[in-house]
Student: 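Just dropping this structure here.
First the proteins, then the strands, lettered A, B, ... as listed; each starts at 1. Quick caveat: nothing in here was measured; it's all calculated off a predicted structure.
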Amino acid sequence: MRRRIGRRALFFAVTAIVCLALVPATPPEFRWVAWGTAALAGFWALMFSIEDVIGAGPVEETIRSEAIPREPETPVAPPPRPGRRAS
Amino acid sequence: MTTTALVIVILVALSFDFFNGFHDAANSIATVVSTRVLSPRVAVAWAAFFNFVAFLVFKTRVASTIAKGVVKPGVFTIAVVFAGPLGAIAWDILTWYLGLPTSSSHALIGGMAGAAVAKAGWHSLLGDGFRKIAVFIVLSPVIGLLLGFTVLVVVMWLFHRYRKVDRLNRGFRRMQLVSAAAFSLGHGGNDAQKTMGVILALLIAAKHLPASANVPLWVVLSAHTAIGLGTAFGGWRIVHTMGSRITKLQPVSGMSAESAAAATLFFTAHAGIPVSTTHTITGAIVGVGSTQRLSAIRWGVAGRVVWAWMLTIPGAFVVSWLAYLPFRAAG
């Protein structure tokens, strides 16, 4: 079954593109910041793309730890009730 | 007359600083109160204290950018420096009334530029300074987002097999004290310096200081006192409503978001780049939330940040430009 690239990979890919688009406008002494953020966003886009393609599932489902609770945080919305489709 | 005008403009600038701390107080204390690391009263005092002592940590590079890196030397007069913050305050009030998103920091920069252009035309602006500020309007929340996400993922990787949950949470709660203090330092170090920059520009325009002068100590202390008091009064105001509005936050997430935002603010303060602390912490919280799933993020909040990017500087520019016209007409 063909795996689709998930929204998180696309989100970070778009973030990387935005940072790259800022490089020409950035003063030379700060271009390393724009390159660095583009590289970090690109890294996460690649990681999530690989995860989606090989079908390993989202990161939070492979880490089973009671120490890191999964309750949402501000400004994150509360999780959907069981039986309701997440928006 | 000049001394009176000078005092009035300095008081206007310090008022801007006070209200900056006042309405940003929630950013500084929301996470530590939500996780019950500190009681609301102690959290307010904690944030206000670190806002104030930030002058011991940072040099006045952001202030120098505001005073000398946005508008050409010689353009500033008492009237221009008065119209700038006045326009920014008016823009903040207008957007509050209309319910539009804004950034006080960007409003101040737009206001200073608008008043300068009203006096001396477009060539009075320094392109390089504006370029740097404009780029980091977008980059600072993005850096906060990426660092927040990365920090929390690294923490999750490091501790996901750790079974002593209570001990782990105690550790993160202690670390959140440090991260909250660091964020308040960054907030004070970045936002208080914007007012310092305005007052420095004013003192240079009034010939009380040479053009190459640094920020005097009394200006540093008064600006940090104003923002510290603003945080104390603003935090105190929201203490009473905090229990009903703040959703539950985990110490590890609060610590990650604050650390990411603090690191971003430390860097921009060191580099002399004025940024919005609200947008930076918003980006960090979105980044932390992204570790769960994108659909769980309140994208309305992020959307308001984007609208603020587009509206604030042009809006404050126009309001300050209009605010300067009576001074130009008076000659």
Side-chain angles (χ1 to χ4, degrees), chain A residues 6-12 14-45 47-48 51 57-80 84-87, chain B residues 30-31 34-35 128-129 131-132 134-136 138-139 142-143 145-147 149-150 152-153 155-157 159-169 172 245-250 252-254 256-257 267-268 271 273 282 285-286 288-302:
Chain A
R7 284 189 292 177
R8 270 200 292 202
L10 291 173
F11 172 73
F12 283 107
V14 168
T15 303
I17 291 168
V18 168
C19 294
L20 284 174
L22 288 173
V23 168
T26 307
E29 66 269 30
F30 294 116
R31 280 198 183 144
W32 66 271
V33 180
W35 282 115
T37 48
L40 187 56
F43 169 78
W44 287 119
M47 289 296 110
F48 283 117
E51 185 184 66
V59 173
E60 62 269 21
E61 291 180 0
T62 61
I63 297 174
R64 303 194 182 284
S65 168
E66 295 165 358
I68 315 293
R70 293 174 55 192
E71 288 185 39
E73 297 89 27
T74 308
V76 179
R84 280 195 189 181
R85 192 175 173 184
S87 59
Chain B
T31 53
S34 173
T35 54
D128 284 348
R131 219 158 46 114
K132 179 170 72 173
V135 164
F136 276 87
V138 177
L139 271 185
V142 170
I143 294 169
L145 187 155
L146 290 170
L147 284 182
F149 182 87
T150 304
L152 186 53
V153 168
V155 168
M156 288 164 81
W157 279 341
F159 293 103
H160 75 280
R161 294 188 193 280
Y162 201 75
R163 291 294 168 209
K164 293 178 184 173
V165 177
D166 288 342
R167 207 165 157 188
L168 195 61
N169 276 330
F172 284 130
R245 288 190 188 171
I246 300 295
T247 57
K248 187 145 177 66
L249 197 70
Q250 297 301 325
V252 63
S253 306
S256 301
F267 164 72
T268 53
I273 306 169
T282 299
I285 291 174
V286 169
V288 162
S290 305
T291 60
Q292 299 189 5
R293 60 186 186 283
L294 293 184
S295 59
I297 294 171
R298 295 187 204 271
W299 287 104
V301 176

Student: Check the surroundings of atom CZ in R131(B): do more than 12 heavy atoms from other residues, nucleotides or ligands lie under 6.0 Å from it?
Tutor: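 Counting neighbours around CZ of R131(B), more than 12 heavy atoms of other residues, nucleotides or ligands fall under 6.0 Å, so yes.
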Student: Counting only heavy atoms closer than 4.5 Å, note whether P28(A) contacts chain B via side chain, backbone, both or neither.
Tutor: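 Just its side chain gets close to chain B.
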Student: Which one, D128(B), I273(B), L147(B), leads in non-hydrogen pairs under 4.5 Å with chain A?
Tutor: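 The option with the most such pairs is I273(B).
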Student: As a test of understanding, state which of F43(A), F11(A), F48(A) forms a ring-ring contact (aromatic ring centres under 6.0 Å, His included) with F149(B).
Tutor: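 It is F48(A); the other options fail the test.
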Student: Looking only at heavy atoms, what is the nearest atom pair of L139(B) and C19(A), with distance?
Tutor: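 For L139(B) versus C19(A), the nearest heavy atoms are CD2-SG, 4.2 Å.
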Student: Against chain A, label A271(B) side chain, backbone, both or neither, depending on which of its atoms sit under 4.5 Å from a heavy atom there.
Tutor: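 For A271(B), the contact with chain A is made by backbone and side chain together.
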Student: Please name the pair of heavy atoms, one in A25(A) and one in V135(B), separated by the smallest distance, quoted to 0.1 Å.
Tutor: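 Heavy atoms only, the tightest pair is O-CG2, 3.7 Å.
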Student: Going from CG on L145(B) to CH2 on W44(A), what distance comes out if it is rounded to the nearest 0.5 angstrom?
Tutor: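 With rounding to 0.5 Å, CG (L145(B)) is 12.0 Å from CH2 (W44(A)).
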Student: At a 4.5 Å cut-off on heavy atoms, which part of T15(A) comes close to chain B: side chain, backbone, both, or neither?
Tutor: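 Looking at T15(A), just its side chain touches chain B.
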